[in-house]
Amino acid sequence: MDKVNLKKLEALNNQHVIKVVEEAIKLCKPTKVTVITDSEEDINYVRELALINGEEKKLKMEGHTIHFDGYYDQGRDKAHTKYLLSKDVDWGINVNSIEKDKGLKEIYSYLDGSMTGKEMLVRFFSLGPTNSIFSLKALQITDSAYVAHSEDLLYRQGYEEFKKLNGSPDFFFFLHSAGRLENGVSVDIDKRRIYIDLEENRVYSVNNQYAGNSLGLKKLAFRLAIKKANEEGWLAEHMFIMGVHGPKDRISYFTGAYPSACGKTSTAMISGQTVVGDDIAYLKKIDGEIRAVNMESGIFGIIHSVNSEDDPVIYQALIIPGEVIFSNVLINNESPYWEGMKKDIPDKGINFSGEWFEGKKDSQGKEIPCSHNNARYTLRLNELNNIDSRANDPDGVPVKAIFYGGRDSDTTMPIVESLTWAHGVFLGATVESETTAATLGVRGVRKYNPMANLDFISVPFGIYIENHLKFADELKAAPKIYTTNYFLKDRAGNYLNSKLDKKVWLLWAEGRVHNEFEAVETPIGRIPKYEDLKELFVRELKKDYSEEEYIQQFSLRTVKYLEKMERMSKIFENTKMPAAFTQELKAQIERLRETRTKFKEDIISPFKFLDK
Ligand code: SPV
Ligand code: MN
């Protein structure tokens, strides 16, 4: 490291930082080391480097670039993301782990010399707003300027924040190498590894570029944060945060957890509302209320189906000058194209498969689409015209309601309010969802995904749930909890709702928070009354909502629910769960059975619960 860079490092007055950087240099053997501060000059250096080393290319529109991940590096690699554990653990959920010494030896061998001929970048970030009790500090070392550039768009600068550590080792550390590159993409995919050391608060990642695998600050820091949150009694969740705009300029803040590619960003972007964050929230109890911050400051969003009608705010930000990284879309004439953009797509260009032409097939004879289903855009939230004015508030925003949702074609209703906080925790913990393109592997398989967080939970599941149950203690008023399902289908396989309907569910919940609507009590929770929805559909979507639609969407599918409860009972059979949770499960099953017996029907119309 030259003198200038060493000086930047030394100015932090933190021996622990120096130590990890020195160790990383010794291991990865970079040809050059550059320390990046919060200065515009340093940040621009990273931006330029991504272009110079070919990881990004300029597009026609000012500020836009394209990055490609390898053909087999298009989603999170769950199989090779593992916890380094020094002893066996029983977390009650499937944990992908490897014995620590063995794992370290393996990943060190892949990282050894991985940066020879390359430049190591050392960057500092703040997870959460700066000058805030929520914030955590993160140190990222990477040889990928794309990774460092993406993090610049997605997270807040932290070099100055690190100075406030006063020499403490209380920071997360991420070491990443994209490994050997050909045409700008990682090629040694068989040696792709992401190993998480919960004891040391550090993560090693090698031979990959897809952001979910490579960016330490995204899902890797999230795993470390979940453990920290559980130890300290707060929550780190896979949640959006948004300002829901009710009548008379009223803003109620909601958070919501959805599995990847199941409507989390699109909920946060519903027209007329404002966005605080779209992926990861930290929640703390402050003065008797729950407050939340976005630990990020940008969006790494799915671009599939983003178009001027369905996602006008994002679409607008993608077609005007501004700092945007497109990944894994089609490039033709230096312009980006993607599936579902509702524009004519050229019949050839460059995409994640290299030279692409319409009808191109993969090795299995399957047609390659113009853009990958998990193709993304990366931009700062402040590029969006719906950013909430409190998005960077160091005290967070007060949370009035929490949403949980999954991709469920046949069981759960579009929106349900929990009976109590504990019932809400139960509803969140029993979310099931069909798999999507955001992770590698087969799509469309129903999987249990509690709190949309199964991939990231880094503590025993029972403890994770206990932390949720206790979170409502000592609150002046607990937020209401809702489950939503945007993906319900009829027998023929047609969706029962349009994409825009979620706005009605959201505003109904906002009204409920302020006691403006009555609800119908059913065995699985409270649901909207037909008249209220009818009015909201006209007011918000200028749509006539028929009784028939209401009945189709809000009928209680008792057999399906009971089947779901059976699956849940099996899942929790051998898991040590808090008694309150087990009680909720038991009570839920009983209520469903009683109802079925009483009504002698498998599918019960919501109107029948009115005259109970
Ligand atoms: C998700 O898949 O949930 C994402 C993108 O937000 S990433 O985790 O980075 O792959
Ligand atoms: Mn996510």
Side-chain angles (χ1 to χ4, degrees), residues 69 71-81 93-94 96 194 208 210-215 218-219 222 237-240 256-269 278-280 299-307 310-311 314 327-329 338-341 351-352 362 364 366-378 403-412 414 428 430-457 483-489 493-499 502 564 567:
D69 298 305
Y71 188 74
Y72 298 103
D73 190 24
Q74 297 284 322
R76 270 187 282 114
D77 181 358
K78 293 207 305 190
H80 295 101
T81 303
I93 42 174
N94 276 340
N96 204 3
I194 300 121
N208 63 68
Y210 171 70
N213 298 319
S214 62
L215 266 64
K218 206 162 184 54
K219 292 309 192 315
F222 182 38
E237 295 300 314
H238 196 197
M239 283 177 171
F240 69 66
Y258 293 70
S260 311
C262 293
K264 183 150 53 70
T265 305
S266 62
T267 305
M269 292 294 155
D278 90 315
D279 199 33
I280 302 171
I299 299 192
F300 175 60
I302 294 179
I303 203 162
H304 191 287
S305 295
V306 171
N307 56 59
D310 299 327
D311 285 290
I314 292 173
S327 50
N328 307 318
V329 297
W338 57 90
E339 296 277 315
M341 74 189 294
N351 79 354
F352 64 105
D362 66 13
Q364 268 113 56
K366 234 184 108 204
E367 199 162 317
I368 300 174
C370 83
S371 61
H372 193 273
N373 273 349
N374 196 32
R376 303 232 171 197
Y377 58 85
T378 304
F403 273 31
Y404 291 108
R407 182 179 289 264
D408 172 3
S409 51
D410 63 11
T411 308
T412 57
T430 51
V431 163
E432 290 181 305
S433 198
E434 288 138 33
T435 51
T436 66
T439 53
L440 305 175
V442 192
R443 295 174 205 163
V445 183
R446 172 160 33 209
K447 287 246 167 89
Y448 158 65
N449 196 345
M451 276 80 180
N453 224 354
L454 187 67
D455 291 354
F456 315 111
I457 293 173
T483 53
T484 64
N485 177 19
Y486 306 150
F487 303 95
L488 201 57
K489 289 179 179 170
N494 305 308
Y495 285 115
L496 287 179
N497 290 101
S498 95
K499 279 188 187 172
K502 46 173 97 74
K564 174 172 170 166
R567 291 193 291 275

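Numbering starts at 1 and runs along the sequence shown. For the numbers below, each heavy atom of this structure counts, side chains included, while hydrogens, waters and symmetry mates do not.
A donor-acceptor pair under 3.5 Å is formed between the side chain of K564 and the backbone N or O of T430. Side-chain atoms of N449 never come within 3.5 Å of backbone atoms of P259 as a donor-acceptor pair (strictly under, hydrogens ignored).
Every salt bridge (Lys or Arg N to Asp or Glu O under 4.0 Å) that D73 has, sequence neighbours left out, goes to R192. With sequence neighbours left out, the side-chain hydrogen bond (donor to acceptor under 3.5 Å, both in side chains) criterion links Y377 to no other residue. N494 meets the side-chain hydrogen bond (donor to acceptor under 3.5 Å, both in side chains) test with D490; sequence neighbours excluded. Residues passing the ring pair (Phe, Tyr, Trp, His ring centres under 6.0 Å) test with F300, sequence neighbours excluded: Y210. The side-chain hydrogen bond (donor to acceptor under 3.5 Å, both in side chains) search around D311 returns none, not counting sequence neighbours. For F487, the ring pair (Phe, Tyr, Trp, His ring centres under 6.0 Å) test picks out no residue, with sequence neighbours left out.
Expressed to the nearest 0.5 Å, how far CG of D362 lies from CD of Q364 amounts to 5.5 Å. For the atom pair CG (D408) and OG1 (T483), the distance works out to 9.5 Å, reported to the nearest 0.5 Å. Distance NE2/H238 to CG/L454: 12.0 Å, rounded to 0.5 Å. The OH atom of Y71 sits 11.5 Å away from the CG atom of N328 when rounded to the nearest 0.5 Å. Considering CZ of R567 and OH of Y448, their distance stands at 12.5 Å, rounded to 0.5 Å. In this structure, N213 CG and D69 CG are separated by 8.5 Å, a value rounded to the nearest 0.5 Å.
Using a 4.5 Å heavy-atom cutoff, the side chains of I280 and F456 are not in contact. The side-chain heavy atoms of M341 and S371, taken from C-beta on, include no pair separated by under 4.5 Å. Looking only at side-chain heavy atoms (C-beta outward), T265 and I314 come within less than 4.5 Å of each other. Within the 4.5 Å cutoff, the side chain of P414 has heavy atoms near those of the L488 side chain.
Salt bridge K219/D455: absent, no basic N to carboxylate O contact under 4.0 Å.
Remark: of the listed residues N373, I303, N307, I303 is the sole one forming a side chain to side chain contact (heavy atoms under 4.5 Å, CB included) with W338.
Side-chain contact annotation: T484 with Y258, donor-acceptor N/O pair under 3.5 Å present. For the 3.5 Å distance criterion, the side chains of Y486 and T267 qualify, holding a donor opposite an acceptor.
Contact between Y495 and R407 at its shortest, heavy atoms only, is OH-NH1, 4.1 Å.
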